[in-house]
Amino acid sequence: MTLNSPPLVLPPSLSRTVAALPDKDRNRLDDTITRLHTVNGRLWDTEDRVRGTLLSAAQVADCKREIDQLNAERNLLAERADEVLGSLADAGRADAPLHTETLASVIDRLSVLTLRICHSELAAARDELAHRRVPALHGQREELCAALDALVSDVVAGRRRLPVPARFKLYGRDDAAPAEIKPSRRLRRVLAFGGLSECGKSTSAEFVQRTCGAQRFKIGFLLRQAAHRKGLADPYALSPRRQAELLLGELNRFADAHADTELFTIESVHDDASIAELKRLMGDALQIVYLDASFAVRVERSGTPAQAVAAKDEIKMSRGAHQVATLADHVIDNTGSIAALRARLRRIAAPPASTALRAATPYGLGLPAAIASATADFTDAVRAYGPGVRLAALTGSPGEGSWIAGWSDLDLLVIAEHEAIGRVHEALEQYRTALGGPASLGPTLVTPGELTARCLTPRLAFVLHQLQQGSPVLHASPGLELPAISRGELAFAAVRELPQVILTMRRLRADAGPTALRQLYKHLVLACRLLLREHNQWESGPDQILAAASRMPGLTALATPSLAEISSAWRDGEAELVLKPVTVAVDQLLTWYAAQLAA
């Protein structure tokens, strides 16, 4: 709706008839007629603008293009309205006289007449001719409403037939009807950030870019790029629908050229009308995020006088920036902690999903009977705590079926609400007591909120990936939502984790006595596993990992004994027999790694 334009009021008989339609049809018709009236208002304004004497040739051309686009949209909406209104007709009277126009055509004329009355009344104060026309225009509207009501009654009763509603308008196109632009199949997900001044839009978009790998855009940049490509001088003079089409066209173009990009962000959403149109075009692929904060908080953050922030707000609100909140899929109160904001942003950018997990009993993991029994008791204990404990799983070698008594740890992952952690501690203490000396227990306790906010260490991300790939769990509550972890994310996580592993391995090598064998060997395997991930190789099992790493460019083959030999020597107290080849392999890897980074 344009500024000061009155709403379109349908005549009483038509209103009652429409009210009797099914909810779905009625809502669709209401939306379509409202949009038709809005388009007519914009068309009126654009035609007034093109008649202005101060426009350049380029601006006139832009207005002409917009008029064509609005006319095309006007006809499309009228056809959509007729699709619903056509259901009012009595299909049994094929011999009834044919009316000259459809019901939507009459409604369209009523819309234009309503706008003409409005503009004439505004002009009447300074134009005597307009003043004399106003009563006549109101009389025309009354007659048109009466005629429309009579037509509706005749159509419903079968006394008149309606013509085929298709208009087949071209407006410079080669096809018979305007084609609606659609999101590219490669444009998977877009976050649009809105809000008033200093609310955190840019900070949020930057965080999503840095942590989720999003491609970041400003709306103004996309519009200017599209306008340049289309030969348009001023994209902001176009209708909101046309602006949305230009935005989607640019997003499609970039997504098609960068197929690996999963997420895009657009900032500075200050026009509620254009973002509403973009939402209609994109559906749930576009998520509108509105950041809210009090004026006092925003002034404090800005470091500028309150008047400066208020002036910026006034400009943004004149464009409808504050109305974006009513359209938003997510409204974030950005007056709290940075941790809360970032957690919410992570959930929006990469929403968790229900995961199908493979359950197994401890006795099916190849564990010794005593350890399997203690694990089963622990599982029963945490399962009895109800929904507070969401998941329990033995990770690493038990899940891979390669656990070795006296060598391997029992790496345990428990996902539990913070309020349930105390009870989990009690169950863990009983678990350790039941295990005694045969196995070392290494628990990782994490809350569901930490997971869905993707506050993950690289190792925890890898464990979640393994569970999603089929590694078994001991217990999982129904409907458990976990973040989806891709191989690409693990490769990126490896880049961050590897430096710490290398530093730890150097520290262990500096004190490479027999007691350090186990940790030194495990860090050697972990470092090779992380390096292989960067090369998109996904081996499992220490022997296979070290063999694959030996084939990396420039690395001398790592001639270590097998895991079975090393673990046997460790259990038998003969670590010295295998320590030297392990330290030689560690030295080889460290020398190679230093050379890679020095090049």
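Residues: numbered from 1 along the sequence shown. Atoms considered below: every heavy atom in the structure, side chains included; atoms not considered: hydrogens, waters and symmetry mates.
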Next on the checklist: Strictly below 4.0 Å, N to O, side chains only: are Asp409 and Lys522 in salt-bridge contact?
Outcome noted: yes
Checklist entry - Side chains of Asp256 and Ser184: donor-acceptor distance under 3.5 Å anywhere? => result yes
Checklist entry - Between CE of Met552 and CG of Leu532, what distance do you get to the nearest 0.5 Å? => result 5.5 Å
Item to check | Worked verdict on Val463 versus Gln466 for side-chain contact (heavy atoms from CB on, under 4.5 Å) | outcome: CA-CA 5 Å; Val463 167; Gln466 293 293 86; 5.6 Å; no
Checklist entry - So, the side chain of Asp572 versus the backbone of Glu574: is there a donor-acceptor pair under 3.5 Å, distance only? => result no
Next on the checklist: With a 6.0 Å cut-off (strictly less than), is the heavy-atom count around CZ of Arg210, excluding the residue itself, greater than 12?
Outcome noted: yes
Checklist entry - Is it true that a side-chain atom of Gln588 and a backbone atom of Ala557 form a donor plus acceptor pair closer than 3.5 Å? => result yes
Checklist entry - Heavy-atom distance under 4.5 Å between the side chains of Leu191 and Phe264, does that happen here? => result no
Next on the checklist: Between Gln596 (side chain only) and Trp592 (backbone N and O only), is there a donor and an acceptor less than 3.5 Å apart?
Outcome noted: yes
Checklist entry - Are any of the side-chain heavy atoms of Arg358 and Val473 separated by less than 4.5 Å? => result no
Checklist entry - So, Asn27 side chain and Asp23 main chain: donor-acceptor pair closer than 3.5 Å or not? => result yes
Next on the checklist: Under the criterion side-chain contact (heavy atoms from CB on, under 4.5 Å), I'd like the reasoning laid out for Gln243 against Glu277: C-alpha separation, chi angles, the key distance, then a yes or no.
Outcome noted: CA-CA 9 Å; Gln243 289 184 38; Glu277 293 292 346; over 6 Å; no
Item to check | Distance-only polar pair, side chains of Gln500 and Thr504, donor-acceptor under 3.5 Å | outcome: yes
Checklist entry - Between the main-chain N or O of Lys580 and the side-chain N or O of Thr583, is there a donor-acceptor pair closer than 3.5 Å? => result yes
Checklist entry - Is any side-chain N of the basic residue among Glu497 and Arg459 closer than 4.0 Å to the acidic one's carboxylate O? => result yes
Checklist entry - Would you find more than 12 non-hydrogen atoms of other residues, nucleotides or ligands less than 6.0 Å from Phe492 atom CZ? => result no
Checklist entry - Is the backbone of Ala369 close enough, under 3.5 Å, to the side chain of Ser373 for a donor and an acceptor to pair up by distance? => result no
Checklist entry - Can you check whether Ala353's main-chain N or O pairs, donor with acceptor, with Thr355's side chain at less than 3.5 Å? => result yes
Item to check | Under 3.5 Å: donor-acceptor pair, side chain of Asn252, backbone of Lys182 | outcome: yes
Checklist outcome for this item: All heavy atoms of Thr379 vs all of Pro362, minimum pair found to be OG1-CG, 4.4 Å
Next on the checklist: Does any part of the side chain of Glu262, heavy atoms only, come nearer than 4.5 Å to the side chain of Arg189, both counted from C-beta?
Outcome noted: no
Item to check | Side-chain donor/acceptor of Ser486 to backbone N/O of Glu489, under 3.5 Å | outcome: yes
Checklist entry - Is any side-chain heavy atom of Leu445 less than 4.5 Å from a side-chain heavy atom of Leu428? => result yes
Checklist entry - Can you find a heavy atom in the side chain of Leu413 that is under 4.5 Å from one in the side chain of Val446? => result yes
Checklist entry - Hey, does the side chain of Arg280 reach the backbone of Ile275 with a donor-acceptor pair shorter than 3.5 angstrom? => result no
Next on the checklist: If you define the side chain from C-beta out and look only at heavy atoms, does anything of Val208 sit under 4.5 Å from Phe193?
Outcome noted: yes
Checklist entry - Salt bridge between Lys201 and Glu267, side-chain N to carboxylate O under 4.0 Å? => result no
Next on the checklist: Side chains of Glu565 and Ser568: any donor to acceptor distance under 3.5 Å?
Outcome noted: no
Next on the checklist: In the structure I gave you, are the side-chain heavy atoms of Ile266 and Lys218 within less than 4.5 Å of one another anywhere?
Outcome noted: no
Checklist entry - Does a side chain donor of either His258 or Gln215 reach within less than 3.5 Å of an acceptor in the other side chain? => result no
Checklist entry - Would you call Thr265 and Val190 a side-chain contact if the rule is heavy atoms closer than 4.5 Å? => result no
Item to check | His418 atom NE2, over 12 foreign heavy atoms within 6.0 Å | outcome: no
Checklist entry - Please walk me through it: do His535 and Arg551 pass side-chain contact (heavy atoms from CB on, under 4.5 Å)? => result CA-CA 11 Å; His535 288 78; Arg551 296 189 289 272; over 6 Å; no
Checklist entry - Closest heavy-atom contact between Gly195 and Lys316? => result O-CD, 4.3 Å
Checklist entry - Between Phe217 and Phe254, does the ring centroid distance fall short of 6.0 Å? => result yes
Item to check | Residue pair Ala285 / Arg188: nearest heavy atoms and the distance that separates them | outcome: CB-O, 3.9 Å
Next on the checklist: Under a 4.0 Å threshold between the charged nitrogen and the carboxylate oxygen, would Lys279 count as salt-bridged to Asp329?
Outcome noted: yes
Next on the checklist: We want to know whether Tyr431 and Thr375 form a side-chain donor-acceptor pair, criterion being a heavy-atom distance below 3.5 angstrom.
Outcome noted: yes
N/O donor-acceptor pairs under 3.5 Å from side chains in residues 381-397, not counting sequence neighbours:
unit_1 : atom_1 : unit_2 : atom_2 : d
Arg383 : NH1    : Asp380 : OD1    : 3.2
Arg383 : NH2    : Leu474 : O      : 3.2
Tyr385 : OH     : Arg423 : O      : 3.1
Arg390 : NE     : Pro387 : O      : 3.0
Arg390 : NH2    : Glu417 : OE2    : 2.6
Thr395 : OG1    : Asp411 : O      : 3.4

Checklist entry - So which heavy atom on Ser204 is nearest to which on Leu291, and how close? => result OG-CD1, 3.6 Å
